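Computed from a prediction, not measured in an experiment: that's the story for all the values here. Along the sequence shown, residues are numbered consecutively beginning with 1. FYI, side chains are in, hydrogens and waters are out, and symmetry mates aren't considered; it's all heavy atoms of this structure. One-based numbering, in listed order, for ligands and for the atoms of each.
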Amino acid sequence: MLRREQKFWGWGEPGAGPGLPEHAGGLLREWLGVSGAVVSEPVALADVRLPPPAAPAGLRAALERIVGAEHVRDDHATRVRRAAGKSYLDLLAMRAGACEGAPDVVVAPGDHAQVQAVLHACAEGGAAVIPFGGGTSVVGGVAPERGRWDAAVSLDLGRLDAVLGVDVRSRTARVQAGRRLPELDHALAAHGLRLGHVPQSYEWATVGGCAATRSAGQASTGFGRIDELVVGLRCATPAGELATLSAPASAAGPDLRELVLGSEGTLGVITELTLRVRPVPAARRYEGWLFRSFEAGCEALRALAQAELAPDVARLSDEDETRTTLALAGEGGAVRRAGLRALGFRPGSLLIAGWEGEPDDVARRRRAAVKRLRASRGDDGAPTRRWGGGAVPLGRGAGEAWRAARFAGPHVRDALLDRGVLVETLETATSWTGLPALHRAVRDAVAGALAATPPVVGCHVSHLYPDGASLYFTVLARRDQDDPAGQWRSAKRAAGDAIAAAGATITHHHAVGRDHLPWVAAEHGPLGTDLLRTLKLRCDPAGIMNPGKLLRD
Ligand SMILES: Cc1cc2nc3c(=O)[nH]c(=O)nc-3n(C[C@H](O)[C@H](O)[C@H](O)COP(=O)(O)OP(=O)(O)OC[C@H]3O[C@@H](n4cnc5c(N)ncnc54)[C@H](O)[C@@H]3O)c2cc1C
């Protein structure tokens with residue numbers, strides 16, 4: 001609440017980021033049957049509907065004593081800005097001014113001790129506590145659910161944003177959890193270092209929020225997910241402090257760090273992290289490749305991952321996402337020019353591959369991977385002769401165009417919402433063996449649920465492992481004007497059921513939040529769910545921490 005803020009109804013600051021390209025109107029008409037004209041606009045901030053704040057008597061005063069009166073706020077604007085994350089359902093509600101569940105009070109502690117004291121005050125005063133980092137959750141993670149309490153306190157981590165120390169020799173940095181990712185990289189750059197964790201929400205996400213959700217960045221194939229970058233952490237729970245040793249590895253029993261990673265604010269508040277950092281790269285090489293089919297591309301990526309030759313960024317779009325990307329890239333776009341030339345109007349599958357590091361290292365790793373890409377075979381096992389024996393190179397222009405536009409998606413989403421489009425994403429992961437069937441099953445499930453408004457469903461693979469990969473789906477459809485939330489809920493339910501039936505995970509990196517609760521208990525099984533519940537009970541006996549997230553109350 002004290003620093004730069006996003007639009008309460010969308011992504012980024014007002015006026016930031018690109019809009020829709022001019023030719024998109026025609027495409028939306030052709031694909032989805034929407035006119036391309038603006039049909040809805042968000043309400044003004046002053047018109048958002050909020051109930052009066054209802055913090056228990058005495059709690060507000062106790063919070064003021066802990067953090068200072070200026071850091072305890074319950075004004076209209078502050079409460080609206082802490083009421084929701086950035087999922088499609090969140091944005092639908094905020095654009096309509098429906099903010100009945102807003103937190104009663106927003107408190108911004110300045111250090112670990114203040115966080116600890118705030119948790120004690122809320123446990124004593126009887127209020128739910130919802131940690132708020134960047135507020136970019138897309139699974140209802142920051143929704144101010146109250147559980148059995150009458151009041152909700154949003155615990156804003158914005159003041160915990162210091163870099164506490166950089167150990168250049170060990171390549172680690174100790175930082176407070178509320179530091180935003182670009183600001184962390186900016187501070188590390190003074191030492192020639194960076195974190196290198198770049199989710200699409202990079203501009204706004206915090207390092208603590210990423211750790212609390214087990215986030216994956218665009219280069220996580222090469223650099224590892226956030227879980228692999230956290231060496232140690234400090235967490236304030238209602239039952240006291242849980243701190244782990246920042247040793248590179250340990251055999252001292254099960255890893256307690258792992259219990260906190262992905263705990264989504266249900267155990268306590270992560271206040272500090274020690275992170276593995278890496279040198280700012282001296283060389284970057286991004287380029288595009290085209291496969292004749294998604295299956296052929298997946299096979300090539302599997303071979304690369306299993307040979308330990310995967311690029312740092314490897315992002316393979318299926319045929320529908322490739323077609324959409326090329327069409328939306330615009331007449332002058334480098335991806336479009338190269339892609340259409342290679343496609344010759346036939347479907348194909350676009351790979352963006354990127355390497356970062358020392359020039360020699362980038363050249364060596366790229367050479368080995370390119371050799372494999374050129375020789376890759378089709379899904380039927382035959383060399384893709386029609387394509388010159390393997391994947392077709394599209395050159396650096398295509399790769400650089402992707403890199404330049406890699407944060408554009410959420411800005412464009414706002415423009416699509418104005419035009420009456422349903423636009424949302426969902427993600428999962430499974431083994432290489434299960435990947436083709438899972439891809440088909442989710443697409444079919446979403447298309448079936450949205451049959452009344454036939455959708456465009458695109459998908460890409462973006463995080464590779466030797467044994468499997470993630471799938472990330474983007475859904476576009478004409479928005480149902482009468483029940484837009486119900487329309488998406490039915491598609492999400494169908495997709496979640498298809499994912500569970502395929503034995504895949506309900507989330508590879510968005511976390512559980514509130515929206516994945518229907519599937520997560522089955523994923524963990526009865527004993528696993530009980531263990532998580534027991535852990536929560538020990539750390540948070542009163543049940544104040546982020547009720548209704550990760551575990552059913
Ligand atoms: C446009 C867009 C693109 C995205 N792209 C990606 C992507 O590429 N990869 C990816 O992994 N995710 C992505 N996400 C999801 C989201 O950005 C991540 O989950 C991110 O890790 C959340 O960080 P945050 O700081 O915004 O956390 P918040 O949204 O503030 O919080 C997320 C959850 O963690 C809890 N929490 C936050 N901070 C703390 C803390 N210090 N201690 C304890 N609990 C805490 C919250 O209570 C909540 O449950 C995207 C989201 C959007 C809107």
Side-chain angles (χ1 to χ4, degrees), residues 6 10-12 17 81-82 84-88 90-91 103 109 112 115 119 128-145 152 154-158 160-161 175-181 184 197-220 225-227 233-237 242 260-273 313 315 406-414 423-427 460 462-463 470 472 474 507-516 539-540 545-550:
Q6 298 203 62
W11 190 251
R81 291 202 161 98
R82 294 296 172 267
K86 298 293 179 187
S87 72
Y88 173 66
D90 291 333
L91 299 189
H112 176 91
V115 173
L119 299 189
V129 178
I130 300 95
F132 191 101
T136 65
S137 169
V138 282
V139 291
V142 292
E145 300 279 333
S154 174
L155 192 153
D156 189 303
L157 284 139
L160 268 76
D161 68 345
V175 301
Q176 286 185 314
R179 185 103 183 171
R180 286 192 183 129
L181 296 170
L184 175 57
H197 183 71
V198 186
Q200 196 192 34
S201 51
Y202 178 75
E203 295 164 281
W204 295 94
T206 61
V207 65
C210 288
T213 55
R214 303 187 89 102
S215 151
Q218 290 169 339
S220 77
R225 301 155 56 96
I226 196 81
D227 346 1
L233 46 77
R234 190 175 184 204
C235 181
T237 81
L242 177 61
V260 181
L261 292 174
S263 61
E264 302 186 35
T266 60
L267 303 179
V269 180
I270 302 168
T271 56
E272 288 176 26
L273 300 120
V313 172
R315 188 183 167 101
R406 64 188 172 152
F407 302 131
H411 295 283
V412 170
R413 176 172 65 161
D414 290 341
V423 46
E424 184 55 306
T425 63
L426 59 97
E427 41 80 55
H460 63 253
S462 52
H463 307 280
S470 67
Y472 186 95
T474 302
T507 174
H508 169 264
H509 59 262
H510 280 168
V512 176
R514 180 193 52 194
D515 299 352
H516 287 146
C539 293
D540 175 25
M545 294 308 306
N546 218 359
K549 320 291 165 53
L550 189 59

Output the list of atoms in ligand 1 that are nearer than 4.0 Å to some heavy atom of Lys86, sorted by atom number. 53 (C)
Donor-acceptor check, side chain of Glu264 to backbone of Val512, threshold 3.5 angstrom: yes or no? yes
Considering only heavy atoms, which of Gly134, Ser201, Ser470, Ser137 lies nearest to atom 2 (C) of ligand 1? Ser201
Using heavy atoms and a 4.0 Å limit, tell me yes or no: is Tyr202 in contact with ligand 1? no
Starting from atom 28 (P) of ligand 1, locate the nearest protein heavy atom and write down its residue, its atom name and how far away it is, to 0.1 Å. Gly135 N, 3.5 Å
Within-4.5 Å side-chain heavy-atom neighbours: Arg81 and Phe132: no
Distance-minimising heavy-atom pair for Gly141 and Ser137: N-OG, 2.9 Å
Measure the OG1-CD distance between Thr271 and Gln176 for me, rounded to the nearest 0.5 Å. 7.5 Å
Determine, using heavy atoms of Ala211 and all atoms of ligand 1, whether some pair is separated by less than 4.0 Å. no
Is the backbone N or O of Asp156 less than 3.5 Å from a side-chain atom of Ser154, with the two atoms forming a donor-acceptor pair by type? no
Just distances here: any N/O of Ile130 and N/O of ligand 1 closer than 3.5 Å? no
His463, His508, His197, His509 screened by side chain to side chain donor-acceptor pair (under 3.5 Å) with Arg225, the one that passes: His508
Sequence neighbours left out, what passes side-chain hydrogen bond (donor to acceptor under 3.5 Å, both in side chains) with Asp161? Give chain and number order. none
Between Ala177 and ligand 1, does any nitrogen or oxygen pair lie at a separation below 3.5 Å? no
With a 4.5 Å limit on heavy-atom distance, are the side chains of His112 and Leu160 in contact? no
In this structure, atom 8 (O) of ligand 1 is nearest to the protein heavy atom Gln200 N, 2.9 Å
With salt bridge (Lys or Arg N to Asp or Glu O under 4.0 Å) as the rule and sequence neighbours excluded, what pairs involving residues 136-145 come up? Glu145-Arg514
On the 0 to 90° scale, with breaks at 30° and 60°, tag the Phe407-Tyr202 ring pair as parallel, tilted or perpendicular. parallel
Should Leu242 and Val260 count as side-chain neighbours, where that means a heavy-atom distance under 4.5 Å? yes
Of the side chain and backbone of Thr213, name the one, both, or neither that has a heavy atom under 4.0 Å from an atom of ligand 1. side chain
Ile270 versus Val207: any side-chain heavy-atom pair under 4.5 Å? no
List the closest protein heavy-atom neighbour of atom 9 (N) of ligand 1: residue, atom name, distance to the nearest 0.1 Å. Ala216 O, 2.7 Å
Contact between Lys86 and Leu91 at the side-chain level, heavy atoms closer than 4.5 Å - yes or no? yes
Any nitrogen or oxygen of Trp204, main chain or side chain, under 3.5 Å from a nitrogen or oxygen of ligand 1? no
If only atom types and distance count, is the side chain of Arg180 paired as donor or acceptor with the main-chain N or O of Gly134 below 3.5 Å? no
Pro410: numbered ligand 1 atoms lying under 4.0 Å from its heavy atoms: 1 (C)
For ligand 1, which atoms have a heavy atom of Ile270 less than 4.0 angstrom away? 40 (C), 41 (N), 42 (N), 43 (C)
Based purely on interatomic distance, does Val142 place a nitrogen or oxygen under 3.5 Å from a nitrogen or oxygen of ligand 1? no
Check whether any side-chain heavy atom of Trp11 lies under 4.5 Å from a side-chain heavy atom of Glu203, and answer yes or no. yes
Considering only heavy atoms of Val138, which atoms of ligand 1 have at least one such atom less than 4.0 Å away? 51 (C), 52 (C), 53 (C)
Looking only at the side chains, is there a donor atom on one of Glu427 and Thr507 sitting less than 3.5 Å from an acceptor on the other? yes
Show me which atoms of ligand 1 lie under 4.0 Å from any heavy atom of Ala205. 23 (O), 25 (O), 26 (O)
Option of least heavy-atom distance to atom 27 (O) of ligand 1 (set: Gly209, Ala236, Gly262, Cys235): Gly209
Which is it for Leu157 and ligand 1 at heavy atoms under 4.0 Å: side chain, backbone, both or neither? side chain
Just need the protein heavy atom nearest to atom 25 (O) of ligand 1, so name the residue and atom and give the distance. Thr206 OG1, 2.6 Å
Heavy atom to atom 47 (O) of ligand 1, shortest distance: which of Pro131, Ser220, Ser154, Gly265 holds it? Pro131
Heavy atoms only: which of Gly178, Ala212, Pro199 lies closest to atom 6 (C) of ligand 1? Pro199
State the atoms of ligand 1, each with its element, that fall below the 4.0 Å cut-off from a heavy-atom position in Gly268. 43 (C)
Just which atoms of ligand 1 are under 4.0 Å from any heavy atom in Asn546? 47 (O), 49 (O)
of all protein heavy atoms, closest to atom 10 (C) of ligand 1 is His509 CD2, 3.3 Å
By number and element, which atoms of ligand 1 are closer than 4.0 Å to a non-hydrogen atom of Cys210? 21 (O), 23 (O)
Selected option - heavy-atom contact closest to atom 53 (C) of ligand 1, from Leu550, Val115, Thr136: Thr136
In the protein, what heavy atom is nearest to atom 48 (C) of ligand 1, and what distance, to one decimal place, separates them? Gly141 O, 3.5 Å
